[in-house]
Amino acid sequence: GQNIDQPTEMTATEGAIVQINCTYQTSGFNGLFWYQQHAGEAPTFLSYNVLDGLEEKGRFSSFLSRSKGYSYLLLKELQMKDSASYLCAVRDGDYKLSFGAGTTVTVRA
Amino acid sequence: ETGVTQTPRHLVMGMTNKKSLKCEQHLGHNAMYWYKQSAKKPLELMFVYSLEERVENNSVPSRFSPECPNSSHLFLHLHTLQPEDSALYLCASSLDASGTGGTYEQYFGPGTRLTVT
C-alpha cells in the first residue's frame, strides 16, 4: 500500500516561516504535489516536483528528495490567510494520486 | 470560481434512498475524478475517467456507481448507502489523466457534503 506521512498540526506567528515535511513510501513515483485547502473549500494546487531540488513560487517553495522519499513545503512571510490544511500527494502510477492526511496550519497574530 | 461545479452542495439521505451527485467542469479537460474525504483521513481516490472511459476503480463498493456521459460531466449514483459513507465527496478534473507535470494538475470542485442517516 501507499504510505504518506505529514504532521497533523502546526502553529506559527504572522510574518514567520513554517516548513511542512512529507515523507512517502509508494509503489511508484511520477511526481509530488502540494495542495492548500481552506476549511469548507476545495483543495487548490500549490506546487509540483518531479525532479530533486527546490521549486520556488512567490512566498511558497517546495523541495523534493526522491532518494529519501521526502518533500517539504516552505511558507514564508506567513499571513493570516495562510491558515489552512496543506495536503501532500504522490502520483504513484499513470492515474492515481495518493494523498497524506493533511497538515493544519494555524497562523496567529 | 474554480471552473468545476458540484451539485448539490449538501445532501442528507436515508440508507434506502437513491440519489445522484453531479459534477461539471468548464475547463475543457479530458479527465475527471471522484474522491472521498472523511474527517481526519486522507483524500481517497474512488474513480478516474479519461475521455469518458473509466480507467481506475479503486476498490469502491458497488453501492457507488459512476457515470461519465461526456468529458464535461461526471455523476456518482448512490444507493443503499451506509452511515460510514457520510463524507465530503470531491470531484476534480485535469487536462489529461496521464502525462507529465501541468497536464496532470487537478482542479477540484467545492464538494458535496453527504450525510447518511
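The structure presented is a predicted model; accordingly, all values stated were derived computationally and were not measured. By convention in this document, chain letters (A, B, ...) are assigned in the order of the sequence lines, proteins followed by strands, and residues within each chain are numbered from 1. Below, all heavy atoms of this structure are taken into account, side chains as well, without hydrogens, waters or symmetry copies.
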In terms of heavy-atom proximity below 4.5 Å to chain A, should B:Q6 be classed as side chain, backbone, both, or neither? neither
Rounded to the nearest 0.5 Å, what separation is found between the OG atom of A:S85 and the CD atom of B:Q37? 7.5 Å
Indicate yes or no for a side-chain donor-acceptor contact from A:Y35 to the backbone of B:Q106 under 3.5 Å, with no hydrogens or angles considered. yes
Would one find more than 12 heavy atoms of other residues, nucleotides or ligands at under 6.0 Å from atom CZ of A:R108? no
Same cluster (ILVMFWY, side-chain, under 4.5 Å), A:Y72 and A:L75: no
Which atoms of B:L90 approach chain A - backbone, side chain, both or neither, heavy atom under 4.5 Å: side chain
Any idea which heavy atoms bring B:G109 and A:A42 closest together, and the distance? O-CB, 2.9 Å
Around atom NZ of B:K41, are there more than 12 heavy atoms of other residues, nucleotides or ligands at under 6.0 Å? no
ILVMFWY network linking A:L64 to A:L51, side-chain heavy atoms under 4.5 angstrom: no
For the rings on A:F45 and B:F108, is their centre-to-centre separation under 6.0 Å? no
Are there more than 12 heavy atoms of other residues, nucleotides or ligands under 6.0 Å from atom CD of A:E41? yes
Heavy-atom side-chain proximity of A:L97 to B:L45 below 4.5 angstrom: no
Are A:L73 and A:F63 connected into the same hydrophobic cluster when the rule is that any two of I, L, V, M, F, W, Y join if their side-chain heavy atoms are below 4.5 Å apart? no
Measure A:L87 against the heavy atoms of chain B and call it side chain, backbone, both or neither at under 4.5 Å. side chain
